[in-house]
Amino acid sequence: MNKLVCIYLAILFNFSIAFSQSRLSFTFSQSLVDDWKMDKAQIFEINHSLNYRKDFSFDSVLSIPKMLFIPTLRYAIGVQYTNLTSQNTDYVMPTDNEIFAEGLLKYPAGWIVDPFVSANFRSQITESFSITRGTKRATAKLWDPVISMQSLGFAHSLSDSQRRNVFTNRIGITLKQIRSEHYTLMTDNPKTPEKERYKADAGIEWKAEFSLKSDNNLSYLSNAEIFYSINRVEESTFRMSNELQVTIWKAIALIIRLELMFDRRQKLGVQYRQQLRAGMVLNL
């Protein structure tokens, strides 16, 4: 027991921050939406979001080799005024409404790729709604549903002259779980009389991130995620986000975002969110 405590304390005092990429924003936006939570709409929004990521480098301690720990936390929440184009009806509802957290442990082996293990979860912050034929219907809430994933695989990255990661990608064998209580759209099998509230799956996940920043206050960030289900190929999922940020003056910026997603359990066809935002963006 004492040996474990000594190892833990040694790890705490032998780490350094290798890389930081965090951002806090308060923005206004206009959006065109077609997704499972809202259906088709024109939206005006006030948004708040936090993107936190730091790379902690742990030096070699006793028999434990040097490791890289990368925690990630993202959340986004806002309020929106919505005009449904097909029904000419106005609503005020929450928007963005997502929280994501991940812990990744990577061993810099000096190979072309580095072994890694990771675990994450994704859920809503507050209750979400969709509007169907003029009726406001709840679709999700905090931890209902919640998606958790655990991966084991290999990661690769390319850096620029300032040692900033420009392109990172990883692929691994992944376990996926979906838990729900009341909103069982993503867990229930309509072919059975029981209401399933838990669903597990296994597959292969690929994640990639590309970032580009110029000296002229212009930056671009793109993320892509593909989960290939081994047991249910038709239920494989895809997520992608693209963001172009133009800094106008100090912390005032203009942001153009495009998000794409495909998940047959949520909605047939591709979901999308197109947004034009303007507001304050702080790089932490």
Side-chain angles (χ1 to χ4, degrees), residues 16-33 35 43-57 68-78 80 95-104 106 114 116 118 120 122 125 155-171 206-226 238-261 270-284:
S16 60
I17 298 177
F19 178 75
S20 176
Q21 182 177 309
S22 303
R23 190 184 69 177
L24 181 71
S25 69
F26 296 89
T27 59
F28 299 90
S29 68
Q30 174 274 330
S31 307
L32 297 175
V33 177
D35 65 16
I43 306 167
F44 296 93
E45 305 176 358
I46 300 175
N47 312 89
H48 164 56
S49 67
L50 171 69
N51 290 270
Y52 171 87
R53 196 189 92 183
K54 288 185 182 292
D55 295 7
F56 294 93
S57 178
L68 192 65
F69 176 64
I70 307 173
T72 300
L73 173 65
R74 296 196 301 265
Y75 72 77
I77 189 67
Q80 64 185 15
T95 184
D96 285 350
N97 196 17
E98 184 175 80
I99 182 169
F100 172 85
E102 180 180 66
L104 184 144
K106 185 167 65 172
D114 298 322
F116 80 90
S118 69
N120 64 58
R122 188 189 306 271
I125 298 177
H156 177 257
S157 63
L158 297 174
S159 303
D160 61 11
S161 58
Q162 299 180 6
R163 302 183 64 84
R164 296 176 303 188
N165 289 338
V166 175
F167 177 73
T168 63
N169 74 107
R170 69 185 203 234
I171 187 169
W206 175 72
K207 286 189 174 185
E209 178 179 298
F210 174 75
S211 62
L212 183 62
K213 187 174 183 179
S214 71
D215 296 330
N216 298 320
N217 300 324
L218 183 67
S219 63
Y220 172 74
L221 178 64
S222 178
N223 293 278
E225 304 175 15
I226 296 176
F238 166 77
R239 297 174 65 98
M240 185 177 186
S241 66
N242 298 274
E243 180 177 293
L244 179 65
Q245 177 181 318
V246 181
T247 301
I248 301 173
W249 179 72
K250 294 185 178 180
I252 306 301
L254 182 67
I255 300 173
I256 301 173
R257 287 180 58 87
L258 174 63
E259 299 178 62
L260 302 173
M261 190 171 76
V270 177
Q271 304 175 53
Y272 67 85
R273 291 178 66 88
Q274 170 270 320
Q275 298 175 314
L276 175 62
R277 296 180 174 182
M280 182 175 64
V281 180
L282 301 175
N283 293 314
L284 306 178

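Here the rule is salt bridge (Lys or Arg N to Asp or Glu O under 4.0 Å) with Glu98, and of Arg273, Arg74, Arg122 only Arg122 fits it.
With rounding to the nearest 0.5 Å, the separation of CG in Asn169 from CG in Asn223 is 12.0 Å. The CG atom of Asn242 lies 9.0 Å from the CZ atom of Arg257; values are rounded to the nearest 0.5 Å. Going from atom CZ of Phe69 over to atom CZ of Phe56 covers 8.0 Å, rounded to the nearest 0.5 Å. Atoms CG and CG, from Asn47 and Asp96 in turn, are 5.0 Å apart once rounded to the nearest 0.5 Å. Going from atom NZ of Lys106 over to atom OG of Ser57 covers 10.5 Å, rounded to the nearest 0.5 Å. Rounded to the nearest 0.5 Å, atoms OH (Tyr220) and CD (Glu243) are 10.0 Å apart.
Judged by distance alone, the side chains of Thr168 and Glu209 never bring a donor and an acceptor atom under 3.5 Å apart. A donor and an acceptor atom, one from each side chain of Thr95 and Glu45, are located under 3.5 Å apart. A donor and an acceptor atom, one from each side chain of Arg23 and Gln245, are located under 3.5 Å apart.
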_Chi angles and distances behind the side-chain contact (heavy atoms from CB on, under 4.5 Å) call for Arg170, Leu104_ = CA-CA 11 Å; Arg170 69 185 203 234; Leu104 184 144; 3.1 Å; yes

*Would you check, one step at a time, whether the test side-chain contact (heavy atoms from CB on, under 4.5 Å) holds for Leu254 with Leu276?*
CA-CA 8 Å; Leu254 182 67; Leu276 175 62; 3.8 Å; yes

*Could you walk me through whether Thr72 and Tyr52 pass the side-chain contact (heavy atoms from CB on, under 4.5 Å) test, one step at a time?*
CA-CA 6 Å; Thr72 300; Tyr52 171 87; over 6 Å; no

*asked:* Determine whether Ile252 and Thr247 satisfy the following criterion, side-chain contact (heavy atoms from CB on, under 4.5 Å), listing intermediate values before the conclusion.
replied: CA-CA 6 Å; Ile252 306 301; Thr247 301; over 6 Å; no

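Across every non-hydrogen atom of Ala253 and Val281, the tightest pair is CB-CG2, 4.0 Å. Here the shortest heavy-atom pairing between Leu73 and Ala101 reads CD1-CB, 4.1 Å. Considering all non-hydrogen atoms of both residues, Ala208 and Phe167 come closest at CB-CE1, 4.2 Å. Pairing each heavy atom of Arg277 with each of Thr27, the nearest pair is CD-OG1, 3.4 Å.
Side-chain atoms of Phe210 and Val166, non-hydrogen and from C-beta on, do get closer than 4.5 Å to each other. Side-chain atoms of Ile256 and Gln275, non-hydrogen and from C-beta on, never get closer than 4.5 Å to each other. Contact of the Leu218 side chain with the Leu244 side chain is registered, since non-hydrogen atoms from C-beta on lie closer than 4.5 Å.
The ring-ring contact (aromatic ring centres under 6.0 Å, His included) test applied to Phe26 returns His48, not counting sequence neighbours.
Distance alone, capped at 3.5 Å, is enough to place a donor-acceptor pair between the Asn97 side chain and the Ile125 backbone.
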